[in-house]
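Take a look at the structure set out below.
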Protein chains: 2
Amino acid sequence: MNKMQVKTGTAETVAAALEQAIHEHRLPPGMKLGEDELADVYRVSRTIVRAALQSLAHNRLIELKRNRGAFVAQPTVAEAREVFEARALLEPRTARSAAERMTEADITALQAHIDAEHAAIDDGESGRALYLSGLFHIEIARIADQKTIADLINQLISRSSLIIALYWQRRAALCESHAHHALIEAFRDRDGDLAEELMKSHLLDLVTSLDLRSRKSVPSSLHEALRK
Amino acid sequence: MNKMQVKTGTAETVAAALEQAIHEHRLPPGMKLGEDELADVYRVSRTIVRAALQSLAHNRLIELKRNRGAFVAQPTVAEAREVFEARALLEPRTARSAAERMTEADITALQAHIDAEHAAIDDGESGRALYLSGLFHIEIARIADQKTIADLINQLISRSSLIIALYWQRRAALCESHAHHALIEAFRDRDGDLAEELMKSHLLDLVTSLDLRSRKSVPSSLHEALRK
DNA sequence: AGTGATCAGATTGTATACAATATTGTGGCT
DNA sequence: AGCCACAATATTGTATACAATCTGATCACT
């Protein structure tokens, strides 16, 4: 493989590990991430852990409270709406661009993503399936060859994973992968118009399949929780 | 004032100082930012400087090269285009939202921004004028009451300042503030359609007023610079 | 018992010491 | 002189020690 050797034990690897754990819902929203604890787990010093946490905080995957520590973020309903509104502004156009410059290799890669996604679903690893479903969108942004926009979408999808973990309601697990299939068909035909339209409605479906009336998780500050 | 007391000497204050220096073009693209040097200037330890630099790197205002240090970013032509394409996706719709929920106080605040901008221009502080012109856009995003999108726009405008500093060609300094005036008029009328349209063409004007054929600054690696 | 002050423990914030790496200068060799 | 190896220096990367702050437990007092 032509992949660069990635040194283990760096801030980047720790951040990546934590990010994946959050995406796969192994670290639930609100959970405290103690620095000493993480340093012990990953066998690095707190310096490294701290750098990783700062990075995650910048992407809003965790919240840093001064003198209190790091906690897995708990997006509010308002935030959830905002994230999907931002995605609605960015992703449809990006899907169009991607469709227009899609190569056979790209399509193959996307298909592989979907297959992996299905495999995860079949194995009952819904957390991992969710993660892979996010990667599908990120891959599209990458194909569109707009690094800047791809980065923004990356941030948003990262947060979306958390949001979906919080507000997802079980049913409708199948319709999503269907949407991804439909997108691939549009990509095969290099149909920019259709891809843009499909992405738009896909995102709309996603939002409406969330339950944005009640939050399921434990509120982080009792302060807000107990004044009924 | 109801403003919170901001402790000096924190990573945030150092990052803010550096960001402003970059925006006002006092730190030119490509300039090396040595850790010890900065620590000495701001009277803090390298720990703090490092945190600040990481933060700026995340916003792409500086580039961190492993074992080499931090350098003020030098956006390429491709990056410049990408940043403005991203803004074109986000800002027009945001301007519409802002127009729809604009209050008198908001309009006053925006007008104050423009006035300050003009004052800076009259004083010949073109760097500061550029910075304030960016704040105008950020203020609009804030008024639209979409924190997530506002954050994204904030990042993009931050980078835009650098880009404009690099690729701006002198003429056309006046048309910009004219565009801002026109926007305010639309806001006064709560005319969402017009605001969206004006923002769209304003961003287009900005891009076309850049010289994206030749780069003016010193290239960071002599390697690429000297092989004519 | 209930309230509040004070103190011990734990956790984060910051500075500094040391290690790893890159850069630059020197000297020997051809 | 030109080139290469190697040492000296400077700079960044990481770990750790110490300071500041928060938590929550104990205990005196009403």
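Proteins get letters first, then strands, A, B, ... in listed order; numbering begins at 1 in each. Just the heavy atoms: all of them, side chains too, but no hydrogens, waters or symmetry mates, feed the values below.
Under 4.0 angstrom from either OP1 or OP2 of D:dA15 there lies at least one side-chain N or O belonging to A:S45. In terms of phosphate contacts, A:K32 brings a side-chain nitrogen or oxygen within less than 4.0 Å of OP1 or OP2 of C:dT12.
Atom CG in A:D36 sits roughly 13 Å away from atom C1' in C:dG9 (whole-Å rounding). Taking atom CD on B:E63 and atom P on D:dT12, their separation rounds to 15 Å, with Å as the unit. In this structure, B:L38 places its CG atom 16 Å from C1' of D:dA10, rounding to the nearest Å. Between A:N67 atom CG and C:dT12 atom P there is a gap of 10 Å when expressed in whole angstrom units. Rounded to whole Å, atom C1' of C:dA15 lies 15 Å from atom CG of B:D40. The NZ-P distance, from A:K65 to D:dT23, rounds to 10 Å in whole Å. Whole-Å rounding puts the A:R46 CZ to D:dA19 C1' distance at 12 Å. Distance CZ (A:F71) to C1' (C:dT12): 11 Å, rounded to an integer number of Å.
Between the side chain of A:Y167 and the main chain of A:A80, no donor-acceptor pair closer than 3.5 Å is present. Between the side chain of B:E91 and the backbone N or O of B:M199 there is no donor-acceptor pair closer than 3.5 Å.
No close placement of the A:F136 and A:H113 rings is indicated, their centers lying 6.0 Å or farther apart. Here B:H180 and B:H118 keep their ring centres 6.0 angstrom or further from each other.
Taking the nucleotide of DNA chain C with the nearest heavy atom to each of A:A70 and B:R68, the more 5' of the two is matched to A:A70. Each of B:L33 and A:T47 was assigned the nucleotide of DNA chain D with the nearest heavy atom; the assignment lying further toward the 5' end belongs to B:L33.
Among the atoms of the strands shown, only primed sugar atoms or phosphate atoms (P, OP1, OP2) are found under 4.0 Å from some heavy atom of B:R66.
The side chain of A:I48 lies closest to D:dA15, out of D:dT16, C:dT21, D:dA15. Taking only side-chain atoms of A:E35, from C-beta outward, the nucleotide of D:dA15, C:dT16, C:dT12 with the closest atom is C:dT12. Picking from C:dT12, D:dA15, D:dT14 the nucleotide with the shortest atom distance to the side chain of A:V44 gives D:dA15. Taking the side chain of B:K7 as heavy atoms from C-beta on, and the options C:dA15, D:dT12, C:dT14, the nearest nucleotide is C:dT14.
Ion pairing between a basic and an acidic side chain is recognised when a charged N comes within 4.0 Å of a carboxylate O; B:E79 and B:R159 show such pairing.
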